[in-house]
Amino acid sequence: MQPDNTTMTLPEYASPAFNRLISEAEARGDIGGAEALRRQITASEGEQAITDEERADPLGEAQYCVTPFLVHQYYNRALLLSTGKCLSYCRYCFRREFTARKSRFISPAEIEQAAAYIEKTPHIQELLVSGGDPLTGSFEQFTGLLRRLRKIRPDLLLRLCTRAPIFAPELFTEELTGFLQQVRPLWVILHVNHPAELGAAQIAAISRLIDSGIPIQSQTVLLRGVNDNADTLVQLFHRLVCLGVKPGYLFQMDLAHGTAGFRVPLENARLLWKELKHRLSGLSMPQFAVDLPGGGGKFSLSSVILSEDIIEPIHNNQFSARGIDGKIHTYPEKHTPNT
Ligand SMILES: *Cc1c(COP(=O)(O)O)cnc(C)c1O
């Protein structure tokens, strides 16, 4: 990955399954849902406008590349970018430069390069297989990649990061889920942004994974004009939990080129998150996070928001905070000296 300052154009394409979701939303009179879906995949003039704070590589991934396709930023986990290709192209994509440049699946030689690094770095316990979408590869390419990774490291936890259950639920045949079952330990990390993305076909694909014993965690991007209201997010996270999917992350947008139109101002995001916290259970609540621009890694915005309720930070083994009852509480009430 060699980001520079030339902006590449992200292809414009939406899958048949996603277009079908839009038609279905329209047919049942869900105008808001149809618009939320359409907005995600329709290129706009705004994409040409690059603001000062936007970057070609907003997460600073280039500095952590240990092979051209392997990003090792956190001690115990790494990220493999298997392809730049996607099943549909989200206009707010933070990896849009990579996606636009690398439109093919990782080659066998490139896999070996990454595999050699993973093999000699046993403290990598988890590998995120992402892209692009790994499921744009042919069945042979995709299964070949995961088989190879499993062979070099039988203990490695694989995290398949994909939007395929939404964009291409038809891919989740018995053959594919059977294969995923075989290469466990594996989690599917599902990118999903709106309840209207969970049509009958999508639910069937997700259920097939869950029924095969493949756990799913979701990640959602907070998007202006798509899901930046509490009702939509409450519905999304509750429906996911009902399907057996644990909401993992809600992400504040990264500063990728031409994506300003999708960014929710932090102040609005803060109010939204507070409302979610009142309306959702701990189980249904994702972590609210942002990648610090330039390579600082994921940072919990929940903790920033909650810090408003801290009256006294931790000092001498105690702190005081405002509880949900509006009163101030201190933990611990008594200081226990070491014996
Ligand atoms: C998000 C991310 C991970 C995974 O982090 P978790 O906190 O375990 O979700 C790993 N590597 C990179 C480069 C990432 O961006």
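Numbering of ligands and ligand atoms starts at 1, following listing order. Predicted model, so just to flag it, every value in this text is computed and none were measured.
Residue contacts with ligand 1, taken as heavy atom pairs separated by less than 4.0 Å, do not involve Arg95 at all.
A salt bridge links Arg279 and Asp231; the closest N-O separation between the charged side-chain nitrogens and carboxylate oxygens is under 4.0 Å.
Interatomic distance, Ile314 CD1 to Asn317 CG, rounded to the nearest 0.5 Å: 8.5 Å.
Distance from atom 7 (O) of ligand 1 to its nearest protein heavy atom, with residue and atom name: Tyr249 OH, 2.8 Å. Considering only non-hydrogen protein atoms, atom 9 (O) of ligand 1 sits nearest to Arg159 NH2, 2.8 Å. In terms of protein heavy-atom proximity, atom 6 (P) of ligand 1 is closest to Arg77 NE, 3.4 Å.
Using modelled atom types, one finds a donor on one side chain and an acceptor on the other under 3.5 Å when comparing Thr259 with Arg263.
Closest heavy-atom approach to atom 14 (C) of ligand 1 among the candidates Glu61, Lys298, Gln73, Glu126: Lys298. Which of Phe94, Tyr74, Tyr64, Phe251 comes nearest to atom 11 (N) of ligand 1 through a heavy atom is settled by distance: it is Tyr74.
When every heavy atom of Ala62 is checked against every heavy atom of Asp57, the shortest pair comes out as N-OD2, 3.0 Å.
Inclusion of Asp291 in the set of residues having an N or O under 3.5 Å from an N or O of ligand 1 is not warranted.
Side chains of Glu126 and Arg159 form a contact here, defined as non-hydrogen atoms less than 4.5 Å apart.
For Phe18 and Phe167, the ring centers sit closer than 6.0 Å to each other.
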